[in-house]
Each structure stands twice: as structure tokens, then as C-alpha cells.
Engineer: 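Below you'll find the structure I mean.
Quantities reported herein were computed from a predicted structural model and do not represent experimental measurements.
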Amino acid sequence: MSNILKSAATTQIQNRLSRASGQIKGVIHMMEAGRDCKEVITQLVAAKASFDKTIKLIISENIRGYSEVKNTQEQYSQAIKVLLNGQ
């Protein structure tokens, strides 16, 4: 997919990724401190959800961008496939 993200969306995506990075660093610290497996898994699930939301935001912004410029049906189909299937 092409990079047609607008500045506001890019900032929002970067903020989400920064938070997710903090979550992952927190998980590493938890593991180093020997925290309970359930607590570590809970934080990993939260980080995964954060990444999933970020991926959907990136794809939806690309789809929105596609609607603003002339593109082929193939690009729309590819974006929707990634959004729905995570591939």
C-alpha cells in the first residue's frame, strides 16, 4: 500500500506507537522483576490491542486517502483485505 497518510493521522499513529512501545518496555521490566505470568500476559494483551488499533487506523487512513485520489479497484481490495484479515 502506498503512503498517503495525512500529517494529523501520522501524528496520531506515532503517538499510539509511542504508547505501545512504553507498554512493551513495561512488560520487559515486569519479566526482569519476575512478575506473575498473568500480569505479564495481561500487559501483552493490552499491547497487542494497541497495535491492532494502530494497524486499523493506518489502513483506514490509507483507504480514506485512496478515495481522494484516482486509484484502481485492486488497491481498494488490497487495503480492505488487510483490514479484515490482518494480512
Side-chain angles (χ1 to χ4, degrees):
M1 292 192 311
S2 64
N3 183 12
I4 52 176
L5 296 175
K6 302 237 187 272
S7 177
T10 300
T11 300
Q12 186 179 9
I13 291 164
Q14 288 171 338
N15 289 340
R16 286 176 181 255
L17 290 173
S18 291
R19 282 192 299 274
S21 175
Q23 287 177 306
I24 296 300
K25 288 177 185 175
V27 168
I28 292 169
H29 291 297
M30 290 173 73
M31 292 177 68
E32 291 170 345
R35 298 283 292 271
D36 183 65
C37 180
K38 182 179 177 184
E39 294 175 15
V40 172
I41 297 297
T42 299
Q43 290 304 311
L44 284 172
V45 169
K48 182 184 181 301
S50 177
F51 284 123
D52 289 344
K53 289 178 184 177
T54 303
I55 290 167
K56 288 179 182 180
L57 176 61
I58 291 169
I59 294 168
S60 66
E61 287 300 317
N62 270 277
I63 291 171
R64 184 174 292 119
Y66 290 154
S67 68
E68 295 174 3
V69 296
K70 290 190 177 189
N71 284 287
T72 66
Q73 182 64 35
E74 181 180 336
Q75 288 171 309
Y76 282 110
S77 297
Q78 179 186 8
I80 291 183
K81 179 181 176 185
V82 171
L83 181 61
L84 296 177
N85 299 325
Q87 299 176 2

Engineer: Has Ser50 got a side-chain atom pairing as donor or acceptor with Ala46's backbone, closer than 3.5 angstrom?
Structural biologist: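 The answer is no, because no donor-acceptor pair under 3.5 Å joins these two groups.
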
Engineer: Could you tell me the separation between the CZ atom of Arg16 and the CG atom of Leu57, rounded to the nearest 0.5 Å?
Structural biologist: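 Arg16 CZ to Leu57 CG: 5.0 Å, rounded to 0.5 Å.
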
Engineer: Distance-only criterion, 3.5 Å: show the donor-acceptor pairs between side-chain atoms of residues 18-26 and protein atoms not counting sequence neighbours.
Structural biologist:
unit_1: Ser18; atom_1: OG; unit_2: Gln14; atom_2: O; d: 3.1

Engineer: Restricting to pairs with a member in residues 29-47, which pass side-chain hydrogen bond (donor to acceptor under 3.5 Å, both in side chains), not counting sequence neighbours?
Structural biologist: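 Matches after skipping sequence neighbours: Arg35-Glu39.
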
Engineer: According to the salt bridge (Lys or Arg N to Asp or Glu O under 4.0 Å) rule, which pairs have a member within residues 40-51, sequence neighbours left out?
Structural biologist: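 Every pair satisfying salt bridge (Lys or Arg N to Asp or Glu O under 4.0 Å) with a residue in residues 40-51: Lys48-Asp52.
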
